[in-house]
Amino acid sequence: MSARMAYFQGEIMPLEDAKVSIMTHAFLYGTACFEGIRGNWNEDDGNVYVFRTLEHYQRLRMSGRILRIDLALSDEKLCEITHDLVARSGYHEDVYIRPIAYKSEELIGPRMHNVADDFLVFVMPFGDYLDADAGIRCMTSTWRRVDDLGIPARAKVNGLYVNSALAKTEAQENGFDEAIMLDDRGHVSEGSGENIVIVRNGKLVTPPVADNVLEGITLSSVIQIARDELGLETVERSIDRSELYVADECFMTGTAAHVTAVIEVDRRPVGSGAPGELTRKLQQLYRDAIRGKNPTYAHWATAVTPQAASDATGATARSESLA
Ligand code: PMP
């Protein structure tokens, strides 16, 4: 048995009971920040492995500093609530966890100061977001990535995702899988919900954080895996649109997208037009890491045993070391 569950106003409850008013500030103005965390089902040992929970909450706290939203709970408590929620939900499949820190007051007037805030988190089943194995076809969007001077992309601000949604819809309605957004200087920024990496001359190249990108947790994990397992260096520097056309390989990274090969940009094949060799290697290494299958990265993945509905009280998660 499994059930959609939420932590809302200090309690764990069925998702359908967690409701906000239509006058909630976050609903009126997008004044909220969020995270996306994956729980990855491991068939072999019957656990859901929640990936880098702490790092996600550290980033949520950073987003909150920008939006002037205080997270009252400690990182440890936030992780505990999250793992508890996953255990009690009882899913035997991949899940997606969505924590939100939001301006919860019922109040008219766009501002950051003197508006009460709150925190919630919910969990739901979630399979593949993009076709990671076949690779995806992308277009450079006509929508520009919002600049740090407008809405900072380093903060995962709910309202900022209008920018992503415009780009994603344009790409899909034009027959592509995903958008690549350029910033207003024409530099490659990121996908609608993914960071982007190209391979040139045996090195990984990814845009610097100052090119209006989210500081991706998947990306930093992949950079570390690339260095430690494959001896690959990553260079952070601006990338022009035309460099996408001459890259040897290209891939996107993200909690939802994992490591996904980009096989075509603007109807031009990337490299041979099939997922590149380094991309495939990184994809496999990352896949094992997020399911708790690589002892080197066991500390990134917290094993949570899904509970049967009958014993879904007082659930606790275990941090399991495979080493
Ligand atoms: N960029 C954007 C705009 C995103 O929404 C995401 C998904 N959170 C990412 C990059 C990738 O970040 P992460 O690997 O931390 O999920």
Side-chain angles (χ1 to χ4, degrees), residues 20 24-38 55-71 96-105 107-113 115 117-122 126 129-130 138-173 176-196 206-220 238-239 252-257:
V20 294
T24 304
H25 200 269
F27 178 68
L28 297 176
Y29 301 111
T31 45
C33 49
F34 71 101
E35 278 302 319
I37 310 175
R38 278 260 194 189
E55 287 82 350
H56 281 284
Y57 281 115
Q58 287 167 340
R59 188 170 65 184
L60 187 66
R61 208 173 283 284
M62 183 185 78
S63 298
R65 285 179 70 175
I66 292 171
L67 295 192
R68 298 178 62 169
I69 295 175
D70 270 336
L71 280 174
Y96 184 82
I97 302 154
R98 169 59 60 93
I100 308 178
Y102 64 109
K103 300 279 188 193
S104 54
E105 208 167 324
L107 185 146
I108 297 284
R111 62 170 198 256
M112 293 301 172
H113 64 288
V115 189
D117 43 57
D118 204 353
F119 166 80
L120 62 79
V121 47
F122 63 85
F126 200 77
Y129 181 65
L130 293 167
C138 295
M139 68 172 275
T140 51
S141 183
T142 64
W143 295 100
R144 292 287 161 264
R145 186 68 178 141
V146 169
D147 191 78
D148 193 71
L149 292 170
I151 307 175
R154 88 163 26 77
K156 223 169 143 48
V157 180
N158 287 48
L160 173 67
Y161 278 73
V162 170
N163 186 220
S164 289
L166 288 167
K168 179 84 177 183
T169 290
E170 179 190 42
Q172 290 200 320
E173 290 188 347
F176 297 90
D177 301 302
E178 186 52 282
I180 296 172
M181 287 185 282
L182 309 178
D183 68 9
D184 59 11
R185 289 157 297 176
H187 293 146
V188 172
S189 183
E190 57 186 342
S192 67
E194 306 85 13
N195 291 110
I196 188 162
T206 194
V209 288
D211 282 358
N212 298 300
V213 300
L214 182 72
E215 298 175 7
I217 291 167
T218 314
L219 178 64
S220 76
S238 295
I239 297 172
M252 286 182 160
T253 63
T255 294

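The first residue of the sequence shown is numbered 1, and numbering continues consecutively from there. These numbers come from a predicted model, not from an experiment.
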Determine yes or no for a side-chain-to-main-chain donor-acceptor pair under 3.5 angstrom, with Arg98 supplying the side chain and Phe122 the backbone.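 Not at all, since once roles are kept as given, no pair shorter than 3.5 Å links the two residues.
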Please examine the side chains of [Y] and [X], heavy atoms only from C-beta on, and report whether any two atoms are closer than 4.5 Å.
X: Arg144; Y: Leu182; value: yes
X: Tyr102; Y: Thr24; value: yes
X: Cys33; Y: Leu60; value: yes
X: Met181; Y: Asn212; value: no

Roughly how far, to the nearest 0.5 Å, is [atom2] of [Y] from [atom1] of [X]?
X: Leu130; Y: Asp177; atom1: CG; atom2: CG; answer: 7.0 Å
X: Ser63; Y: Ile100; atom1: OG; atom2: CD1; answer: 12.5 Å
X: Ile217; Y: Thr253; atom1: CD1; atom2: OG1; answer: 11.0 Å
X: Asp148; Y: Asp211; atom1: CG; atom2: CG; answer: 11.0 Å
X: Gln172; Y: Met139; atom1: CD; atom2: CE; answer: 11.5 Å
X: Leu219; Y: Thr255; atom1: CG; atom2: OG1; answer: 11.0 Å

Which atom of [X] lies closest to which atom of [Y], heavy atoms considered:
X: Pro207; Y: Val188; result: CG-O, 3.4 Å
X: Arg68; Y: Asp117; result: O-OD2, 3.8 Å
X: Ala155; Y: Ile66; result: CB-CD1, 3.8 Å
X: Ala167; Y: Ala179; result: O-CB, 3.4 Å
X: Thr31; Y: Leu67; result: C-CD1, 4.5 Å
X: Ala256; Y: Phe126; result: CB-CE2, 4.0 Å

Test side-chain contact (heavy atoms from CB on, under 4.5 Å) on Met252 and Ile180; report intermediate values, then the result. CA-CA 10 Å; Met252 286 182 160; Ile180 296 172; 3.7 Å; yes
Strictly by modelled atom types, are Asp183 and Ser189 linked by a side-chain donor-acceptor pair under 3.5 Å?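 No pair is found: no donor N or O on one side chain lies under 3.5 Å from an acceptor on the other.
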Stepwise side-chain contact (heavy atoms from CB on, under 4.5 Å) test for Arg145 and His187: CA-CA 10 Å; Arg145 186 68 178 141; His187 293 146; over 6 Å; no
Tyr161/Phe34 aromatic ring centres below 6.0 Å: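 Yes.
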Can you confirm whether Arg185 is buried at CZ, in the sense that more than 12 heavy atoms of other residues, nucleotides or ligands lie under 6.0 Å from that atom?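 Atom CZ in Arg185 is crowded, with more than 12 foreign heavy atoms closer than 6.0 Å.
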Here's a test for you: under side-chain contact (heavy atoms from CB on, under 4.5 Å), which of Arg59, Glu215, His56 qualifies with Lys156? Arg59
Derivation and outcome, side-chain contact (heavy atoms from CB on, under 4.5 Å), residues Ser220 and Glu55: CA-CA 11 Å; Ser220 76; Glu55 287 82 350; over 6 Å; no
Whether Glu178 and Lys168 form a salt bridge (side-chain N of Lys/Arg under 4.0 Å from carboxylate O of Asp/Glu) is what I want to check. yes
Please verify the inter-ring angle class for Tyr29 with His25; under 30° counts as parallel, over 60° as perpendicular, anything in between as tilted. tilted
